[in-house]
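Step one of this worksheet: look at the structure below.
As a basis for the values below, the full set of heavy atoms in this structure was taken, side chains included, without hydrogen atoms, waters or symmetry mates. Quick note: residue numbers are just sequence positions, from 1. This structure is a prediction, so every number in the text was calculated from the model and none was measured.
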Amino acid sequence: QVQLVESGGGLVQAGGSLRLSCAASGRTFSSRPMGWFRQAPGKEREFVAAISWSGGLTYYAESVKGRFTISRDNAKNTVYLQMNSLKPEDTAIYYCGMLRTTSFSSSVYSSTAYNYWGRGTQVTVSS
């Protein structure tokens, strides 16, 4: 059984930065791609970023490219999302997920490709 726990959310002014963390339990973390999604009120959960099991490959949503960076530390069973130049439209609950398989492909854009999720952490960006 895998548990994912996000942390690092909060209230920040536009232009500011936050770093989210997602700590995973279990022995499968180092072999699975991980992703970050977000969900704003009244909207569907949307893809933000994903990273391969080794950390060597990453995908980003167009809306966050150049501002957000996903990384991981397999020794610590943790994946991170560094968010810079935050905008009010980045306001959402941010969730981390673990991919069902070890392969890293365009399937990471879909939430259905993930079989474990954390409970989320709130990020609020004020204008």
Run the ring-centre check on Tyr109 versus Tyr59 and record whether the distance is less than 6.0 Å.
-> yes
For Leu20 and Val123, the nearest pair of non-hydrogen atoms, with its separation, is CD2-CG2, 4.0 Å
Exercise. Do the side chains of Val125 and Tyr60 join up, straight or via other hydrophobic residues, at under 4.5 Å, putting them in one cluster?
Worked result: yes
Distance col, row Ser31:OG vs Asn74:CG, nearest 0.5 angstrom, shows 9.0 Å
So salt bridge (charged side-chain N to carboxylate O under 4.0 Å, His left out) across residues 68-80, not counting sequence neighbours, yields none
Taking every heavy atom of Val12 against every heavy atom of Gly16, the minimum-distance pair comes out as CG2-CA, 3.8 Å
To the nearest 0.5 Å, atom NZ of Lys87 lies from atom OG of Ser127 at 14.0 Å
Sequence neighbours excluded, the answer for side chain to side chain donor-acceptor pair (under 3.5 Å) partners of Thr28 is none
Grouping ILVMFWY residues whenever side-chain heavy atoms fall under 4.5 Å, the cluster of Leu11 otherwise contains none
Across all chains, not counting sequence neighbours, the side chain to side chain donor-acceptor pair (under 3.5 Å) partners of Thr69 are none
Here the gap from Gln82 atom CD to Ile70 atom CD1, rounded to the nearest 0.5 Å, amounts to 12.0 Å
Using atom types as modelled, flag every donor-acceptor pair under 3.5 Å from a side chain in residues 32-41 to any protein atom, sequence neighbours excluded.
from  : atom 1 : to     : atom 2 : distance (Å)
Arg32 : NH1    : Leu99  : O      : 2.8
Arg32 : NH1    : Arg100 : O      : 3.4
Trp36 : NE1    : Tyr80  : O      : 3.4
Arg38 : NE     : Glu46  : OE2    : 2.6
Arg38 : NH1    : Asp90  : OD1    : 2.9
Arg38 : NH1    : Tyr94  : OH     : 2.9
Arg38 : NH2    : Glu46  : OE2    : 3.2
Gln39 : NE2    : Lys43  : O      : 3.1

In short, disulfide bond (SG atoms under 2.5 Å apart) pairs touching residues 97-127 with sequence neighbours left out are none
Taken in chain and number order and not counting sequence neighbours, the residues that satisfy side-chain contact (heavy atoms from CB on, under 4.5 Å) with Ala61 are Phe47, Ser63, Val64
By side chain to side chain donor-acceptor pair (under 3.5 Å), Gln122 pairs with (sequence neighbours left out) Thr124
When hydrophobic residues are tied together by side-chain contacts of less than 4.5 Å, even through go-betweens, does Leu81 share a cluster with Phe29? yes
Those residues at least two apart in sequence (or on a different chain) that pass side chain to side chain donor-acceptor pair (under 3.5 Å) with Ser107 are Ser105
Donor-acceptor contacts, no H, no angles, side chain residues 2-10, under 3.5 Å, sequence neighbours left out:
from : atom 1 : to     : atom 2 : distance (Å)
Glu6 : OE1    : Arg119 : N      : 3.1
Glu6 : OE1    : Gly120 : N      : 2.8
Glu6 : OE2    : Cys96  : N      : 2.9
Glu6 : OE2    : Gly120 : N      : 3.3

Next item on the list: Please step through side chain to side chain contact (heavy atoms under 4.5 Å, CB included) for the pair Phe68 and Leu86, ending with a clear verdict.
Entry: CA-CA 9 Å; Phe68 291 10; Leu86 282 161; 3.8 Å; yes
Heavy-atom closest pair (Asn84 atom, Ser17 atom, distance to 0.1 Å) is OD1-OG, 2.9 Å
Are Val48 and Tyr95 in one and the same hydrophobic cluster, where Ile, Leu, Val, Met, Phe, Trp and Tyr link if side-chain heavy atoms are under 4.5 Å apart? no
What one should report as the nearest heavy-atom pair of Gly56 and Ser52 is N-OG, 3.3 Å
Contacts under 3.5 angstrom, residues 111-118 side chains, donor-acceptor by atom type, not counting sequence neighbours:
from   : atom 1 : to     : atom 2 : distance (Å)
Thr112 : OG1    : Ser110 : OG     : 2.7
Tyr114 : OH     : Val108 : O      : 2.7

Salt bridge (charged side-chain N to carboxylate O under 4.0 Å, His left out) pairs touching residues 55-66, sequence neighbours excluded, are Glu62-Lys65
